[in-house]
Amino acid sequence: MRLARRIISCLDVDGARVVKGVHFVGLRDAGDPAELAARYNAEGADELVVLDIAASRDRRPTFLETIRRVAERLAIPLTAAEGFERWTMRGQWWKLARTK
(Lines give C-alpha, C1' and ligand atoms only; values in the text may rest on other atoms or scores of the structure.)
Protein backbone atom coordinates (compact mmCIF):
# COMPACT_ATOMS: atom_id res chain seq x y z
CA MET A 1 0.00 0.00 0.00
CA ARG A 2 1.31 3.42 -0.92
CA LEU A 3 0.92 6.25 1.54
CA ALA A 4 -0.59 9.50 0.34
CA ARG A 5 1.61 12.56 0.47
CA ARG A 6 0.33 15.29 2.71
CA ILE A 7 1.51 18.81 3.31
CA ILE A 8 1.37 19.63 7.02
CA SER A 9 2.44 23.18 7.71
CA CYS A 10 3.54 24.40 11.13
CA LEU A 11 3.41 27.88 12.66
CA ASP A 12 5.53 28.57 15.75
CA VAL A 13 3.87 31.33 17.71
CA ASP A 14 4.86 33.38 20.70
CA GLY A 15 1.53 34.56 22.05
CA ALA A 16 -0.29 36.23 19.17
CA ARG A 17 2.51 36.40 16.57
CA VAL A 18 4.26 33.86 14.37
CA VAL A 19 8.00 33.78 15.05
CA LYS A 20 11.00 32.35 13.19
CA GLY A 21 14.39 31.41 14.56
CA VAL A 22 16.96 28.65 14.74
CA HIS A 23 16.55 26.19 17.62
CA PHE A 24 14.15 28.70 19.21
CA VAL A 25 16.95 31.29 19.50
CA GLY A 26 17.06 34.69 17.82
CA LEU A 27 13.30 34.73 17.29
CA ARG A 28 11.95 37.38 14.96
CA ASP A 29 8.40 38.36 14.10
CA ALA A 30 7.07 36.62 10.99
CA GLY A 31 3.46 37.79 10.86
CA ASP A 32 -0.10 37.27 11.98
CA PRO A 33 -1.09 33.61 12.57
CA ALA A 34 -4.58 33.98 11.07
CA GLU A 35 -3.26 35.62 7.89
CA LEU A 36 -0.52 33.02 7.44
CA ALA A 37 -2.99 30.20 8.14
CA ALA A 38 -5.33 31.53 5.45
CA ARG A 39 -2.41 31.64 3.03
CA TYR A 40 -1.41 28.01 3.74
CA ASN A 41 -5.07 27.01 3.37
CA ALA A 42 -5.32 28.78 -0.02
CA GLU A 43 -2.04 27.29 -1.24
CA GLY A 44 -3.20 23.72 -0.65
CA ALA A 45 -1.85 22.62 2.72
CA ASP A 46 -3.61 19.50 4.02
CA GLU A 47 -3.31 20.38 7.69
CA LEU A 48 -1.94 23.13 9.93
CA VAL A 49 -0.17 22.80 13.26
CA VAL A 50 0.16 25.83 15.55
CA LEU A 51 2.65 25.59 18.42
CA ASP A 52 2.91 28.23 21.15
CA ILE A 53 6.62 27.79 21.78
CA ALA A 54 6.89 30.21 24.70
CA ALA A 55 3.73 29.73 26.79
CA SER A 56 5.29 27.43 29.36
CA ARG A 57 8.52 29.41 29.54
CA ASP A 58 6.66 32.67 30.06
CA ARG A 59 4.05 31.08 32.36
CA ARG A 60 1.36 32.83 30.42
CA PRO A 61 -2.21 31.72 29.89
CA THR A 62 -3.42 29.75 26.92
CA PHE A 63 -3.49 31.20 23.44
CA LEU A 64 -7.11 30.25 22.74
CA GLU A 65 -8.00 33.58 21.13
CA THR A 66 -5.16 33.20 18.62
CA ILE A 67 -6.37 29.68 17.79
CA ARG A 68 -9.97 30.90 17.41
CA ARG A 69 -8.83 33.50 14.87
CA VAL A 70 -6.79 30.89 12.98
CA ALA A 71 -9.65 28.35 12.98
CA GLU A 72 -12.04 30.90 11.48
CA ARG A 73 -9.81 31.17 8.40
CA LEU A 74 -9.32 27.43 7.76
CA ALA A 75 -11.15 24.68 5.92
CA ILE A 76 -8.40 22.14 6.76
CA PRO A 77 -7.66 20.25 9.99
CA LEU A 78 -5.97 22.28 12.71
CA THR A 79 -3.77 21.02 15.54
CA ALA A 80 -2.75 23.38 18.33
CA ALA A 81 -0.32 22.68 21.13
CA GLU A 82 1.11 24.44 24.14
CA GLY A 83 1.96 23.60 27.68
CA PHE A 84 -1.03 24.49 29.79
CA GLU A 85 -0.50 24.17 33.49
CA ARG A 86 -4.06 24.25 34.76
CA TRP A 87 -6.13 21.13 34.18
CA THR A 88 -9.22 23.38 34.08
CA MET A 89 -8.06 24.72 30.69
CA ARG A 90 -8.87 21.39 29.01
CA GLY A 91 -12.59 22.27 28.81
CA GLN A 92 -11.88 25.42 26.81
CA TRP A 93 -9.68 23.44 24.40
CA TRP A 94 -12.32 20.73 23.89
CA LYS A 95 -15.01 23.32 23.25
CA LEU A 96 -12.86 24.98 20.59
CA ALA A 97 -11.94 21.61 19.05
CA ARG A 98 -15.59 20.62 18.66
CA THR A 99 -16.33 23.77 16.67
CA LYS A 100 -13.75 22.94 14.01
Side-chain angles (χ1 to χ4, degrees):
M1 176 189 342
R2 184 178 174 143
L3 295 176
R5 292 185 182 180
R6 296 177 43 87
I7 298 170
I8 302 174
S9 302
C10 181
L11 299 176
D12 292 335
V13 300
D14 186 348
R17 300 296 293 176
V18 174
V19 293
K20 295 292 182 187
V22 177
H23 301 291
F24 306 109
V25 176
L27 298 176
R28 63 175 176 78
D29 185 86
D32 178 70
E35 290 177 13
L36 292 170
R39 182 175 169 189
Y40 279 121
N41 189 71
E43 291 180 357
D46 296 304
E47 185 174 341
L48 182 70
V49 176
V50 180
L51 303 174
D52 192 337
I53 62 169
S56 294
R57 177 197 70 202
D58 296 346
R59 298 193 187 286
R60 97 178 121 65
T62 184
F63 68 142
L64 280 171
E65 186 54 38
T66 299
I67 295 304
R68 279 189 193 99
R69 290 187 325 102
V70 168
E72 289 173 357
R73 308 281 299 265
L74 293 179
I76 59 176
L78 169 64
T79 301
E82 68 154 344
F84 58 86
E85 294 178 350
R86 292 175 286 147
W87 185 245
T88 56
M89 297 301 294
R90 76 187 187 290
Q92 293 176 15
W93 278 104
W94 289 121
K95 182 178 179 184
L96 180 60
R98 285 192 307 266
T99 64
K100 192 62 192 153

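Bear in mind the structure is a predicted one, so any value in this text is a computation, not a measurement. Numbers here are sequence positions counted from 1.
- Residues Asp32 and Val18 come closest through the heavy atom pair C-CG2, 4.2 Å.
- At a threshold of 4.5 Å between non-hydrogen side-chain atoms, the residues Ile53 and Leu27 count as touching.
- Residues Glu47 and Arg6 share a closest heavy-atom pair of OE1-NH2, 3.1 Å.
- Closest approach of Leu48 and Cys10 over heavy atoms only: CD1-N, 4.4 Å.
- Of all non-hydrogen atoms in Ala16 and Arg69, the two that sit nearest each other are O-NH2, 4.3 Å.
- Remark: the backbone N or O of Ile7 is paired with a side-chain donor or acceptor of Asp46 at under 3.5 angstrom.
- Rounding to the nearest 0.5 angstrom, the gap separating the CG atom in Leu78 from the CD atom in Glu72 is 11.5 Å.
- Looking only at distances, a side-chain donor or acceptor of Asn41 sits under 3.5 Å from a matching main-chain atom of Ala75.
- Smallest separation of non-hydrogen atoms from Pro33 and Val13: CG-CG1, 4.0 Å.
- Nearest heavy-atom pair, Ile67 versus Ala80, reported as atom, atom and distance to 0.1 Å: CD1-CB, 3.6 Å.
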